[in-house]
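This one's a predicted model, so the numbers in the text were calculated from it and none came from an experiment. All chains are named by letter (A, B, ...) in the order of the sequence lines, taking the proteins before the strands, and each is independently numbered beginning at 1.
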There are 2 protein chains.
Amino acid sequence: MTESRRGRPGYDRAGVLEIAVRAFNEHGYDATSMGTLADRLGLSKSAIYHHFPSKESVLDAALEQGIGALEAVLAEPGATTGRAADRLRFVLERAVHVLVDRLPYVTLLLRLRGNTSVERAALERRREFDRAVTALVVEARDAGQLRDDIDPRIAERLLFGMINSIVEWYRPEGPEDADRLAQDVLAVAVDGLRLR
Amino acid sequence: MTESRRGRPGYDRAGVLEIAVRAFNEHGYDATSMGTLADRLGLSKSAIYHHFPSKESVLDAALEQGIGALEAVLAEPGATTGRAADRLRFVLERAVHVLVDRLPYVTLLLRLRGNTSVERAALERRREFDRAVTALVVEARDAGQLRDDIDPRIAERLLFGMINSIVEWYRPEGPEDADRLAQDVLAVAVDGLRLR
DNA sequence: GTCTATATTGAGATAGAC
DNA sequence: GTCTATCTCAATATAGAC
């Protein structure tokens, strides 16, 4: 994003990152070699090392794009003011939009296994995000704004199970736009599939 | 499962498979080397090749355990007779139980990237399963048993996003048992989190 | 059913020229 | 910003003995 880029050979960091993340998502990070990356970039392996000092640093940069955007949602006004249930709705809806807007980066984040310290650091930030959302569920339930027969931690996990799964099938070119998708997620989460 | 096994050194196929799948899930299939596997088994690498002809054949055997159990659900009487909405409920509930009963095998299945023909074959069977469930959602909706303002394909994906995410956090040792978990999933899926 | 080699390939990464 | 080597190491897999 630092400049206009594009023109094929002549990559900047963000350009390399974009292609690399796509490859990581298609084959998995571990299964993607620097050689494969080089092929897809139309570069030699060593050219990649001009932009990133290691394969893992590419991963690190990519993960920051995903987790940073999710963390930012929690700092938005809609997540910090108003009824707990409304703040929860806001976070869920914004999370869907972040997933869609940064699809490849969040996809990568959600598939981590924690093999290295870079991965573990990102996983820890994800857990912290989940804890914050769980706290919101607790607050909304205690305020009598949510059903109280489901454990808030289970509820949070089911909600984000639903939301996170979006990265596995949503494609921006498809018919459904992000607003409609967020609306559907909220509809199922809040009211369920039962006919009314 | 062919015999009683256990006693440490002296593995049968199922014994090797069990340990291997655990390792695959912890580090990812690609990130798990035969050397790591050998260490965790307390064997040499070559001993593994006595039980399985290749690393990929270990994966193949593991995936069969997972996808086979899911496919079997669709053949149970509860999935083939009765109201469409009830059949759908049945499949969702049984799917949760399969996930819990075969947690490591289904976990592995759900994390595939399709890098090899073995993986792609399993993914195709998963897609076929999803298609069958989507058909059930369509049928229930057309029979007026489900809300009709959400695309059945989206609904199916959100439902199984929720269900499949269970493998990422559920641990059998924990407080929540499988029956309760299935009940919670159905509660959210059918009625949502709204207070009633 | 397991072992100790070992063959062979491909990985991540570096050196140094253009 | 990119290239052509090349280093080094770890991976899958095999041979053949116990």
Item to complete: Just call it for B:T32: base, sugar-phosphate, or nothing, with non-hydrogen atoms closer than 4.0 Å on any strand.
Response: sugar-phosphate
Discussion item. Restricting to ring-ring contact (aromatic ring centres under 6.0 Å, His included), what partner residues turn up for B:F129, sequence neighbours left out?
Written reply: B:F160
Fill in: Presence of A:S33 side-chain N/O under 4.0 Å of C:dA11 phosphate oxygens OP1/OP2
yes
Fill in: Pairs meeting criterion side-chain hydrogen bond (donor to acceptor under 3.5 Å, both in side chains) with involvement of residues 71-84 of chain B, two or more places apart
B:E71-B:R125, B:E76-B:R94, B:R83-B:D86
Worksheet entry | Distance (rounded to the nearest 0.5 Å) between A:L74 CG and A:L136 CG | 7.5 Å
Worksheet item: Looking at DNA chain C, which of residues 111-123 of chain B put a heavy atom within less than 4.0 Å of it?
Response: none
Worksheet, complete the sentence: Per-nt protein contacts along nucleotides 13-18 of chain D (heavy atom under 4.0 Å; B base, S backbone sugar-phosphate only, - none) come out as BBB---
Discussion item. Is there a side-chain contact between B:H50 and the phosphate of C:dG1, meaning an N or O under 4.0 Å from OP1 or OP2?
Written reply: yes
Item to complete: Figure out the CZ/P separation between B:F24 and D:dA11, and round it to whole Å.
Response: 13 Å
Worksheet item: Rounding to a whole Å, what distance do you find between A:I48:CD1 and C:dA11:P?
Response: 12 Å
Side-chain donor-acceptor contacts of residues 184-196 of chain B below 3.5 Å, not counting sequence neighbours, with atom names and distances?
| residue | atom | partner | partner atom | Å |
| --- | --- | --- | --- | --- |
| B:D184 | OD1 | B:R180 | NE | 3.0 |
| B:D184 | OD1 | B:R180 | NH2 | 3.4 |
| B:D191 | OD1 | A:R194 | NE | 2.6 |
| B:D191 | OD1 | A:R194 | NH2 | 3.2 |
| B:D191 | OD2 | A:R194 | NH2 | 3.2 |
| B:R194 | NE | A:D191 | OD1 | 2.6 |
| B:R194 | NH2 | A:D191 | OD1 | 3.2 |
| B:R194 | NH2 | A:D191 | OD2 | 3.2 |
| B:R196 | NH2 | B:D191 | O | 2.5 |

Worksheet item: Less than 4.5 Å apart, any side-chain heavy atom of B:K55 and any of B:I48?
Response: no
Worksheet item: Is there a donor-acceptor pair under 3.5 Å between the side chain of A:H50 and the backbone N or O of A:S46?
Response: no
Worksheet entry | Which nucleotide in C:dT2, D:dG1, D:dT12 has an atom nearest any side-chain atom of A:H51 | D:dG1
Item to complete: Could you state the atom-to-atom distance from CG of B:D39 to C1' of D:dA10 in whole Å?
Response: 13 Å
Worksheet item: side-chain hydrogen bond (donor to acceptor under 3.5 Å, both in side chains): which pairs involve residues 155-177 of chain B, sequence neighbours left out?
Response: B:R111-B:E168
Practice prompt. Measure from CG on B:D30 to P on C:dA11 and round the result to the nearest Å.
Written response: 12 Å
Worksheet item: Rounded to the nearest 0.5 Å, how far apart are CD1 of A:I67 and CZ of A:R102?
Response: 11.5 Å
Practice prompt. Output yes when A:R22 and A:E18 qualify as a salt bridge under the 4.0 Å nitrogen-oxygen rule, no when they do not.
Written response: yes
